[in-house]
Student: 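The structure is given below, and queries will be raised subsequently.
Throughout, a chain's letter reflects where its sequence line sits, starting with A, and its residues are numbered from 1. The figures that follow rest on heavy atoms only: side chains count, while hydrogens, waters and symmetry mates do not. From a predicted model like this one, the values you see are computed outputs, not experimental measurements.
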Amino acid sequence: MEISTKYDPSLTEDKWYKFWLEKGYFHSEPNEKEPYTVVIPPPNVTGVLHMGHMLNNTIQDVLVRRARMMGKNACWVPGTDHASIATEAKVVAKLKEMGLEKANITREEFLEHAWEWREKHGGIILEQLKKLGASCDWNRTTFTMDPEYNKSVINTFVHFYNKGLIYRGIRMVNWDPEGQTAVSDEEVIYKETPSKLYYLKYFISIDGKPSEEYVEIATTRPETIMADTAVCVHPNDPRYTKLKGKKVLIPLINKEIPVIEDEYVLMDFGTGCLKVTPAHDINDYEIGIRHNLPVIDILDNYARLNEKAQILIGEERFIARKKIVKMLQENNQLVKEEQYNSQVGYSERTNAVIEPKLSLQWFLKMTEAAKPALEYVMNDTIKLIPDKFKNTYRHWMENVKDWCISRQLWWGQQIPAWYMPDGKIVVAADKDDALAKARLSYPDLTEKDLKQDEDVVDTWFSSWLWPISVFDPTKPGFPDKKPNSELAYYYPTNDLVTAPEILFFWVARMIMAGNEFCGDIPFKNVYLTGIVRDKQGRKMSKSLGNSPDPIKLMERYGADGVRVGMLLCSSAGNDILFDESQVEQGRNFSNKIWNAYRLVNGWTIDKDIEQSAQAAAAVKWFDGTLSESLETINDHFEKFRLSDALMHAYKLFWDDFCAWYLEIIKPEFGKGIDSKTHEATLELFEKLLRVLHPFMPFITEELWQHLAKNKNYESIMISEMPTPEKWSKDYAASFELVKSAIVNIRNIRQAKAISPKTELNLFVKGNLDKNLYCVIRKMANILQIEDMSAKDSGQTGNSFMVGTSEFFIPLEGMVNAAEELNKIDTELKHLEGFLKSVNAKLNNEKFMANAAENVKNTELKKRSDAEEKIAKLLKLKEEYSK
RNA sequence: GGGAGCAUAGCUCAGUUGGUUUAGAGCAUCUGCCUUACAAGCAGAGGGUCGGGGGUUCGACUCCCUCUGCUCCCACCA
């Protein structure tokens with residue numbers, strides 16, 4: 001049957017994925033083997049696969065498949081995150097389309113819609129991961145709002161509350177007016193934004209009436225002046241001593257506010273006079289506390305001015321700003337406007353400008369939990385790869401602030417706090433418990449008297465339990481409870497593969513939770529991937545439209561091709577500049593493997609012929625090369641240098657196996673192959689497929705099914721990774737010499753335009769393994785190889801050297817003596833320069849006194865080799881000069 | 001403003017405690033080939049003095065200082 005010259009992934013990928021699933025190879029149960037565990041960083045349930053996921057999950061799959069082939073009980077747990085803000089935003093948008101406002105429906109109704117949405121659209125991303133070949137244990141798929149998981153989260157809350165680490169308080173929080181919720185500091189992204197600095201006149205008040213005198217105050221937020229409760233100057237500012245003890249009037253509303261002094265004010269910024277707006281600025285809030293200022297909040301939850309503003313009530317903040325500026329202008333109280341770039345905070349989820357807002361929130365004290373979590377990383381109990389992230393990690397952990405864990409959303413775990421009629425709080429795992437607790441104070445209370453807190457917890461307050469709860473959701477909240485058998489077996493997990501930007505959000509917090517509930521680390525290694533950027537280094541984003549659709553990419557290049565393309569250019573912690581040509585390289589590699597198979601598959605076995613000398617040599621050489629490569633690849637994996645490991649395997653297959661090994665053993669056209677070589681080749685090919693399998697699961701399975709003889713396994717994915725055997729360095733070195741000689745001969749052919757089909761003769765002088773002459777004959781199309789002494793003295797031809805061995809190819813009438821002399825001179829010049837630098841060292845007394853013995857020896861060897869070569873070249877030069 | 005990191009062929013990156021033949025790889029480029037596995041291929045070649053300057057050392061891409069450029073993190077002045 002004709003096999004296509006092009007590998008077609010569409011014919012194999014779905015087939016084998018289905019096969020693996022049916023066989024249950026991805027599923028893991030605790031057994032006597034050593035576990036190898038990875039928990040997926042759960043993508044948002046609303047998510048669709050993007051290039052970042054591709055990279056991240058390819059890496060995980062490579063690690064997991066390899067571990068499985070190394071005899072470990074590999075378990076990769078998949079799942080999704082409920083992502084409260086992102087999901088709620090999508091559901092709200094969808095309701096809007098249906099003509100429904102969130103404000104007009106009940107919590108229960110909303111949640112019904114949300115669940116419906118998640119049933120319909122949630123988890124698309126997991127299906128997409130299957131295309132990639134991800135060998136996740138799908139039976140273990142977990143959602144951070146599964147009923148059991150919810151209990152984990154609630155119990156955790158109760159646990160920390162009982163420990164006195166969770167408290168409720170009024171704080172300045174980052175308010176997202178679009179998402180209608182508080183967000184954590186980490187979810188605010190500061191971007192430099194062009195804005196204006198407005199200089200306003202505040203008249204000094206005399207009994208509530210404006211005087212002639214005024215102070216100038218610079219502000220970027222004129223719409224908040226109505227919330228001013230003071231004007232502040234530096235106590236040592238001579239310009240403003242006259243203001244001390246006075247009062248000024250807020251423009252437009254003519255409200256009297258005091259002038260206060262605080263060292264916080266910078267004398268050299270703006271006018272050195274600051275308006276203090278405690279409700280709308282974090283620093284002003286702190287000044288307000290120091291000076292006992294009232295707090296007037298003039299913005300509602302949608303960042304519209306409220307009735308406390310007195311004017312422009314109901315206007316959105318930015319519209320209000322424009323209007324106020326105009327009013328101030330008309331009132332002659334705007335002195336000037338200056339262009340000014342300030343850092344403005346935006347919500348990571350909704351991109352709305354964050355409003356600092358005072359609100360009543362739940363907090364978790366972090367200081368104590370941070371200490372052991374920092375320790376684990378600093379003493380390498382948990383390794384960060386690359387370790388440059390230790391610095392940033394430390395910085396964050398040493399300056400950790402209390403974590404605002406409440407969110408004013410409905411999608412998520414509702415805070416398990418109930419309010420009694422007197423406003424007092426009981427925190428309990430469920431309403432019955434809460435009622436029982438409440439009755440300790442008020443025996444007559446009924447269910448109806450308890451009102452549960454409206455808020456839900458921050459999403460990260462659920463995902464920090466991930467490595468524990470996916471195995472034992474009954475553990476969080478109960479540090480003393482014996483872990484179930486699953487948790488006991490799989491925890492701590494081995495490797496976590498994630499992005500550096502969630503090192504604190506998620507990784508650090510998982511370490512804290514792990515320590516709190518299991519008294520142990522949640523994982524041993526954290527491999528931090530880079531950000532996938534486009535060719536110009538821009539972050540991939542929907543709005544830029546520079547992100548290719550991974551699914552289409554896989555359709556075009558095959559999942560294996562995309563995996564290889566991504567891995568080749570990604571070292572840990574480095575961003576990857578993605579370009580389709582890399583994926584093309586991956587696809588080409590698949591094709592190369594495919595065609596190697598076509599070659600081997602097309603051979604007919606001839607039982608009557610003996611193994612040729614060159615085939616025997618090639619088998620011996622490649623055996624050694626394979627073992628050497630396995631050692632190298634193992635080493636790369638130990639250091640998490642995945643792209644180096646892949647590149648090594650790539651070259652092993654393409655260069656060593658295809659370009660050298662197969663070409664050496666390839667029978668002449670029309671002839672069969674001896675069975676000994678054939679057997680050996682199948683065995684080597686099969687081993688190579690196993691080496692490549694973690695990187696390219698599909699094509700390796702397809703070919704393995706054809707190639708593998710005496711299969712002990714039904715699938716390559718449950719076969720064993722080949723292990724290195726003893727190999728001879730000397731033999732490898734001799735073979736390398738022969739390869740160099742062949743390259744030189746080909747080079748001469750190219751230079752002299754001699755067809756590869758023309759047979760040539762070769763004279764040799766030097767310590768070349770004569771048993772390998774057969775390889776030169778075959779690969780360089782040499783008819784005869786003779787000792788240099790047999791050469792006729794007057795014969796013209798082309799010479800070259802490999803190491804210190806000399807070679808000569810008779811080329812009557814084709815050699816230009818001047819050209820040859822030129823070549824010799826160039827080489828001589830190079831060698832002499834080299835010798836000079838070596839001699840400089842050897843003649844240096846200090847070098848001889850200080851350098852290590854082996855260093856001196858190599859230098860001596862360099863000298864003798866160079867001298868020998870120079871002598872030979874000089875002799876050659878003489879010959880050509882004749 | 002504070003901190004960290006990076007700067008090596010056209011591009012993306014290796015270069016392990018300073019010494020292994022005057023720096024390696026892949027891709028791209030150039031030359032010659034449609035050779036009976038593969039033109040998504042084969043064979044061969046060219047290309048960098050390791051950002052600039054200074055220092056330590058017998059010896060520096062590798063250590064120190066400095067300048068320049070870029071990236072990231074943290075904080076933030078109204």
Side-chain angles (χ1 to χ4, degrees), chain A residues 3 5-7 190 197-198 217-221 232 264-266 268-277 281-284 340 342-343 386 388-389 391-392 395-396 399 500-501 503-504 531 535 537 557 561 568-571 573-577 579 581-582 584-585 587-603 639 641 643-644 647-648 650-651 658-659 662-663 666 668-670 743 746-751 753 755-757 803 830-831 833-838 840-841 843-852 854-856 858-859 861-863 865-866 869:
Chain A
I3 311 173
T5 62
K6 301 268 188 285
Y7 169 60
Y190 287 91
L197 201 52
Y198 301 91
I217 294 176
T219 179
T220 51
R221 300 203 60 189
C232 187
Y264 167 79
V265 178
L266 298 172
D268 54 1
F269 188 88
T271 61
C273 189
L274 169 72
K275 73 184 198 66
V276 184
T277 321
D281 183 282
I282 179 77
N283 293 305
D284 291 11
Y340 179 72
S342 63
Q343 297 289 325
K388 65 176 176 184
F389 287 107
N391 276 328
T392 24
H395 185 259
W396 193 78
N399 296 290
E501 61 253 46
L503 192 55
F504 312 126
I531 297 166
K535 224 179 160 182
Y557 297 99
L568 277 179
C569 56
S570 59
S571 48
N574 283 352
D575 286 356
I576 84 166
L577 299 188
D579 184 49
S581 69
Q582 289 146 0
E584 206 176 303
Q585 190 184 352
R587 177 203 55 183
N588 293 356
F589 186 41
S590 302
N591 205 45
K592 186 71 188 175
I593 300 170
W594 179 253
N595 276 292
Y597 167 72
R598 286 183 61 230
L599 174 69
V600 171
N601 181 58
W603 286 334
K639 296 173 179 144
R641 298 158 76 141
S643 80
D644 288 336
M647 179 48 72
H648 198 88
Y650 175 95
K651 287 194 280 189
C658 293
L662 289 179
E663 289 299 332
K666 194 157 123 183
E668 280 174 56
F669 181 63
V743 168
R746 287 171 176 170
N747 190 1
I748 289 167
R749 281 184 190 276
Q750 172 97 358
S755 156
K757 287 173 185 160
H830 173 261
L831 276 168
F834 174 69
L835 186 61
K836 206 173 144 192
S837 76
V838 174
K841 280 187 201 172
N843 295 335
N844 185 321
E845 279 171 36
K846 288 189 180 167
F847 173 78
M848 295 308 279
N850 296 325
N854 62 329
V855 175
K856 279 192 274 187
T858 51
E859 291 302 315
K861 174 91 165 66
K862 280 192 211 168
R863 170 155 78 182
D865 282 0
K869 270 183 114 163

Student: Quick one: do A/K856 and A/E859 satisfy salt bridge (charged side-chain N to carboxylate O under 4.0 Å, His left out)? Show the steps, please.
Tutor: CA-CA 5 Å; A/K856 279 192 274 187; A/E859 291 302 315; over 6 Å; no

Student: Could you work out which one of B/A78, B/G26, B/G44 sits closest to the side chain of A/T219?
Tutor: B/A78

Student: Using a heavy-atom cut-off of 4.0 Å across all strands, would you classify A/N591 as base, sugar-phosphate, or nothing?
Tutor: base

Student: With a 4.0 Å cut-off on N to O distance, would you call A/K861 and A/D865 a salt bridge?
Tutor: yes

Student: Starting at NZ of A/K846 and ending at P of B/C58, how long is that distance when rounded to a whole Å?
Tutor: 5 Å

Student: Who is the Watson-Crick or G-U wobble partner of B/C42, with both distances under 3.5 Å?
Tutor: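 By the stated definition (distances under 3.5 Å), B/G32 pairs with B/C42.
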
Student: Look at the side chain of A/N283 and decide which nucleotide, out of B/C58, B/U21, B/C77, has an atom nearest to it.
Tutor: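 The answer is B/C77.
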
Student: Classify the nucleic acid contact of A/A866 as base, sugar-phosphate or nothing, counting any heavy atom under 4.0 Å across all strands shown.
Tutor: nothing

Student: Between B/G44 atom P and A/I748 atom CD1, what is the distance in whole Å?
Tutor: 13 Å

Student: Name the closest nucleotide to the A/R641 side chain, picking from B/G15, B/C58, B/G44.
Tutor: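 Nearest listed nucleotide: B/G15.
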
Student: With a cut-off of less than 4.0 Å, is there a side-chain N or O of A/K666 near OP1 or OP2 of B/A37?
Tutor: yes

Student: Need one value for A/Y650: base, sugar-phosphate or nothing, where a base atom within 4.0 Å counts as base even if backbone is also close, heavy atoms only.
Tutor: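 Sugar-phosphate: the residue A/Y650, judged by heavy atoms under 4.0 Å, touches backbone atoms but no base.
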
Student: Hey, does the side-chain of A/K841 have a donor or acceptor N/O within less than 3.5 Å of a partner on the base of B/C58?
Tutor: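 By the distance-only test, no, there is no pair.
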
Student: Regarding A/N601 and A/R598, is there a side-chain donor-to-acceptor distance under 3.5 Å anywhere?
Tutor: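 Checked: A/N601/A/R598 side chains show no N/O donor-acceptor pair below 3.5 Å.
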
Student: Starting the side chain at C-beta, find the nucleotide from B/C73, B/A78, B/A37 nearest to A/T392.
Tutor: B/C73

Student: Using purine N1 to pyrimidine N3 plus N6-O4 or O6-N4 for Watson-Crick, or N1-O2 and O6-N3 for G-U wobble, both under 3.5 Å, which nucleotide pairs with B/C6?
Tutor: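 Partner of B/C6: B/G69.
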
Student: Any chance the side chains of A/S590 and A/K592 put a donor and an acceptor closer than 3.5 Å?
Tutor: no

Student: Rounding to the closest angstrom, what is the interatomic distance between B/G52 and B/G46 at atom P?
Tutor: 25 Å

Student: As a test of reading the structure: which of B/U22, B/A37, B/A78 is closest to the side chain of A/F834, going by heavy atoms?
Tutor: B/U22

Student: Once you apply a heavy-atom cut-off of 4.0 Å, does A/K275 come out as touching a base, just sugar-phosphate, or nothing?
Tutor: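 Counting heavy atoms under 4.0 Å across all strands, no contact is made by A/K275.
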
Student: Between B/U12 and B/C6, how far is it from one C1' atom to the other, in whole Å?
Tutor: 15 Å

Student: Locate the shortest heavy-atom distance separating A/D284 from A/D281; write the atom from each residue and the value.
Tutor: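 Looks like N-OD1, 3.1 Å.
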
Student: Just call it for A/E663: base, sugar-phosphate, or nothing, with non-hydrogen atoms closer than 4.0 Å on any strand.
Tutor: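 Base, at least one base atom sits under 4.0 Å.
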
Student: Any donor-acceptor pair, under 3.5 Å, between the side chain of A/Q582 and the base of B/U12, if you only look at N and O atoms?
Tutor: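 No pair found.
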
Student: Provide the Watson-Crick or G-U wobble partner of B/G59, both distances under 3.5 Å; none if there is no partner.
Tutor: none

Student: Starting the side chain at C-beta, find the nucleotide from B/U16, B/A25, B/C38 nearest to A/M647.
Tutor: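 Within the option list, the nearest is B/A25.
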
Student: Write down the distance between CD (A/E584) and C1' (B/G41), rounded to a whole number of angstrom.
Tutor: 13 Å

Student: With sugar-phosphate meaning primed atoms plus P, OP1 and OP2, does A/G602 contact a base, only sugar-phosphate, or nothing at under 4.0 Å between heavy atoms?
Tutor: nothing

Student: Starting from P on B/C74, measure out to CG on A/L503 and report it in whole angstrom.
Tutor: 11 Å

Student: Keeping A/D579 on the side-chain end and A/Q582 on the backbone end, is there a donor-acceptor pair under 3.5 Å?
Tutor: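 No, A/D579 side chain to A/Q582 backbone: no donor-acceptor pair under 3.5 Å.
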
Student: Do the non-hydrogen side-chain atoms of A/F389 and A/P500 ever get within less than 4.5 Å of each other?
Tutor: yes

Student: Distance criterion of 3.5 Å, no angle test: do you see the side chain of A/R746 paired donor-to-acceptor with the base of B/A43?
Tutor: no

Student: Return the value, rounded to whole Å, for the distance between atom CD1 of A/I576 and atom P of B/C27.
Tutor: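 Whole-Å distance recorded here is 17 Å.
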
Student: With sugar-phosphate meaning primed atoms plus P, OP1 and OP2, does A/V743 contact a base, only sugar-phosphate, or nothing at under 4.0 Å between heavy atoms?
Tutor: sugar-phosphate

Student: For A/N391, answer base if it contacts any base atom (sugar-phosphate contacts may also be present), sugar-phosphate if it contacts only those atoms, and nothing otherwise; contact means non-hydrogen atoms under 4.0 Å.
Tutor: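 Sugar-phosphate contact only - A/N391 comes under 4.0 Å of backbone atoms but never of a base.
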
Student: Reckon A/A659 touches a base, only the sugar-phosphate, or nothing at all at heavy-atom distances under 4.0 Å?
Tutor: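 Sugar-phosphate contact only.
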
Student: Pick base, sugar-phosphate or nothing for A/K651, based on heavy-atom distances below 4.0 Å to the nucleic acid.
Tutor: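 Touches sugar-phosphate only.
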
Student: Provide the distance between the two C1' atoms, one in B/A43 and one in B/C38, to the nearest whole Å.
Tutor: 15 Å

Student: Would you classify A/G272 as touching base, sugar-phosphate or nothing, given that sugar-phosphate means primed atoms plus P, OP1 and OP2, and contacts are heavy atoms under 4.0 Å?
Tutor: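 The residue A/G272 makes base contact.
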
Student: Look through every strand shown and name the nucleotide pairing with B/C50 as Watson-Crick or G-U wobble, where both distances are under 3.5 Å.
Tutor: none

Student: Counting Watson-Crick and G-U wobble pairs only, both distances under 3.5 Å, name the nucleotide matched with B/C13, or none.
Tutor: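 Base partner found: B/G24.
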
Student: Considering only side-chain heavy atoms of A/N747, which listed nucleotide, B/A45, B/A78, B/G19, is closest?
Tutor: B/A45

Student: Kindly point out which of B/C74, B/A39, B/A45 is positioned nearest to the side chain of A/H395?
Tutor: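 In terms of side-chain proximity for A/H395, the closest of B/C74, B/A39, B/A45 is B/C74.
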
Student: Classify A/C232 by what it touches in the nucleic acid, base, sugar-phosphate, or nothing, heavy-atom distance under 4.0 Å.
Tutor: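 No contact.
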
Student: Any base atoms under 4.0 Å from A/D865, or only sugar-phosphate, or nothing? Heavy atoms, all strands.
Tutor: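 Base, at least one base heavy atom under 4.0 Å.
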
Student: At under 4.0 Å between heavy atoms, what does A/K856 touch on the DNA or RNA strands: base, sugar-phosphate, or nothing?
Tutor: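 Touches nothing.
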
Student: Would you mind telling me which of B/A78, B/G41, B/C58 lies closest to the side-chain atoms of A/F847?
Tutor: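 The closest nucleotide is B/C58.
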
Student: On the nucleotide B/C38, are OP1 or OP2 found under 4.0 Å from the side-chain N or O atoms that A/N588 carries?
Tutor: no

Student: Can a donor-acceptor pair under 3.5 Å be found between the side-chain atoms of A/Q585 and the base atoms of B/A28?
Tutor: no

